[in-house]
There are 2 protein chains.
Amino acid sequence: MRLVIAKCQVDYAGRLTAHLPLATRLIMVKADGSVLVHSDGGSYKPLNWMSPPCTLVVAEPDEEAAEAGVTAVWTVQNSKSDDRLVVSIHEVLHDADHDLGVDPGLVKDGVEAHLQKLLAEQVETFGVGWRLVRREYPTPIGPVDLLCRDDAGVAVAVEVKRRGEIDGVEQLTRYVELLNRDPHLSPVRGVFAAQEIKPQARTLATDRGITCVTVDYDALRGVDDPSTRLF
Amino acid sequence: MRLVIAKCQVDYAGRLTAHLPLATRLIMVKADGSVLVHSDGGSYKPLNWMSPPCTLVVAEPDEEAAEAGVTAVWTVQNSKSDDRLVVSIHEVLHDADHDLGVDPGLVKDGVEAHLQKLLAEQVETFGVGWRLVRREYPTPIGPVDLLCRDDAGVAVAVEVKRRGEIDGVEQLTRYVELLNRDPHLSPVRGVFAAQEIKPQARTLATDRGITCVTVDYDALRGVDDPSTRLF
DNA sequence: GGATCCATCTCGACC
DNA sequence: GGTCGAGGTGGATCC
């Protein structure tokens with residue numbers, strides 16, 4: 001990884017065009033050739049960047065640019081598209097290269113997929129006598145997270161979210177409506193399961209006859225088989 | 001901006017938990033206290049990070065950690081939530097501070113707002129004889145991107161997206177339904193215009209009688225008056 | 001300050 | 001390789 005602190009101007013042309021006026025910034029060149037231009041603030045997103053696969057070519061500035069104070073022009077060209085990042089370097093304040101090696105990568109826990117998996121293994125969370133028909137039950141407009149049968153044998157479409165918001169209720173509504181057209185399943189009701197359900201989402205769900213269930217992730221994980229845990 | 005290259009292990013706890021095993025990485029500490037941990041690959045997203053507002057506290061490792069090779073523990077605590085990033089430093093390979101100053105910021109062109117503007121100026125893109133009633137036509141549930149009249153004088157609500165997905169169809173459906181309650185406008189039909197329309201969105205739109213139109217941004221821009229361009 | 005919506009979204013999973 | 005949905009989404013804008 002090459003780290004350059006430089007006074008520079010940056011121009012991007014690709015899916016949009018974007019321009020950064022002259023200022024001092026960090027230019028990070030990764031081992032795969034990708035380039036990130038960071039300022040000393042904002043969030044984790046760079047001001048401008050080029051994603052791999054891409055190649056960096058350093059060139060002399062033309063006469064006009066040289067007169068404007070440009071000492072080098074870095075052109076980062078994406079290999080698969082017309083996307084191009086041009087960094088006009090005025091002054092280099094720091095330039096260092098470091099060998100970082102390959103990163104072993106991130107281990108995550110607590111995301112929706114895991115929540116869905118835990119609920120699939122423990123459908124009795126929704127009620128005694130419930131059983132799972134299948135996870136990711138396919139429909140023409142996408143898969144339903146869980147399709148179950150309650151203790152009375154009635155089909156239930158379950159939408160699992162980490163945070164239950166109005167979008168999720170809309171999604172579940174579409175699934176239930178569609179599944180109800182299938183005579184082998186109908187009548188199908190809906191359950192909206194999330195760690196946290198926003199009041200507006202709860203209101204809309206209730207209004208549509210959808211049952212809301214808030215689930216306790218730690219409790220689900222507590223009774224989970226440790227061998228299936230991520231860590 | 002402080003740039004540290006270090007052999008480290010990183011743990012995040014907050015909306016999820018995430019763990020990075022021991023490896024050499026770049027740790028970027030920005031002026032606002034935010035911290036980014038980058039590997040030498042991937043895209044612009046750090047492996048792990050803490051967004052501002054947050055504070056960084058450096059502490060000695062406890063005995064157990066010290067025996068494992070930890071020389072310092074950086075705790076980055078978010079000021080508004082329980083989110084916490086813990087960087088266990090084993091070895092510092094580089095450590096430098098640079099004063100970057102405040103960045104003048106990014107100038108963009110070519111986003112959805114611009115697409116909407118171009119279409120408003122060229123409603124004949126949708127058909128001969130079409131005319132624009134107004135952009136951002138107000139409704140109680142938000143403004144419709146474009147309200148037009150087609151060659152037969154029938155009102156058309158146009159939703160403009162860069163990428164047309166299912167959410168946009170839902171949004172347009174709500175607008176059309178609402179506008180159709182207005183006897184001065186009814187009947188109102190819908191047009192879903194985007195540079196790219198996802199198959200599922202197209203299916204849903206068609207099912208609801210909404211016309212899909214894919215628009216060519218470059219072509220629109222090509223016939224655009226240069227004087228109205230941003231740059 | 002909160003809600004809503006776009007994004008050069010990125011990223012992973014699945015087909 | 002395409003498509004689709006989630007995200008510690010982030011960030012801007014509107015109210």
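Throughout, protein chains are lettered first and strands after them, A, B, ... in sequence-line order, and every chain is numbered starting at 1.
- Contact annotation for A:M50: no contact, since no heavy-atom pair falls under 4.0 Å across all strands.
- Taking the side chain as every heavy atom from C-beta outward, B:W49 and B:V35 never approach each other to under 4.5 Å.
- Between A:R15 and C:dC9 there is a side-chain N or O to OP1 or OP2 distance below 4.0 Å.
- In this structure, B:D145 does not pair ionically with B:R135, as no charged nitrogen and carboxylate oxygen lie closer than 4.0 Å.
- The shortest distance between side-chain heavy atoms of A:V10 and A:C8 falls below 4.5 Å.
- The side chain of B:V111 sits closest to C:dA7 out of D:dG5, D:dG10, C:dA7.
- Contact annotation: A:S51 reaches the phosphate of C:dT10 (side-chain N/O to OP1 or OP2, under 4.0 Å).
- Positionally, the nearest nucleotide of DNA chain C for B:L106 lies more toward the 5' end than for the other of A:E136 and B:L106.
- Separating the CH2 atom of A:W49 from the C1' atom of D:dG10 is a distance of 11 Å, rounded to the nearest angstrom.
- Of the residues B:R202, B:E165, B:R163, the one that meets the side-chain contact (heavy atoms from CB on, under 4.5 Å) test with B:I197 is B:R202.
- Between A:L47 and B:Q171, the residue whose closest nucleotide on DNA chain C is further toward the 5' end is B:Q171.
- Protein atom CG of B:L16 is 5 Å distant from nucleotide atom P of D:dG8, rounded to whole Å.
- Rounded to whole Å, the P atom of C:dT8 lies 22 Å from the corresponding atom of C:dT4.
- Between the OH atom of A:Y137 and the P atom of C:dC14 there is a distance of 19 Å, given to the nearest Å.
- One interatomic measurement links the two molecules: CD of B:E196 to P of C:dC9, which rounds to 9 Å at whole-angstrom precision.
- Counting any heavy atom pair closer than 4.0 Å across all strands shown, B:Y12 reaches a base atom.
- Applying the 4.0 Å criterion to OP1 and OP2 of D:dG8, one finds that B:R84 has every side-chain N and O outside that range.
- Heavy-atom nearest nucleotides on DNA chain D were determined for A:D145 and for A:K80, and the one closer to the 5' end corresponds to A:K80.
- Taking atom NE2 on B:H114 and atom C1' on C:dA7, their separation rounds to 17 Å, with Å as the unit.
- Ion pairing of A:R174 with B:E170 is present here, as a side-chain N (NZ or NE/NH1/NH2) and a carboxylate O approach within less than 4.0 Å.
- Between A:K45 and C:dT8, a side-chain N or O to OP1/OP2 separation shorter than 4.0 Å is present.
- Rounded to an integer number of Å, the gap from CG of A:N48 to C1' of C:dT8 is 8 Å.
- The phosphate of D:dG8 has neither OP1 nor OP2 within less than 4.0 Å of any side-chain N or O from B:S81.
- Here D:dC4 presents its C1' atom at 9 Å from OH of A:Y175, a figure rounded to the nearest Å.
- The NZ-C1' distance, from A:K30 to C:dT10, rounds to 12 Å in whole Å.
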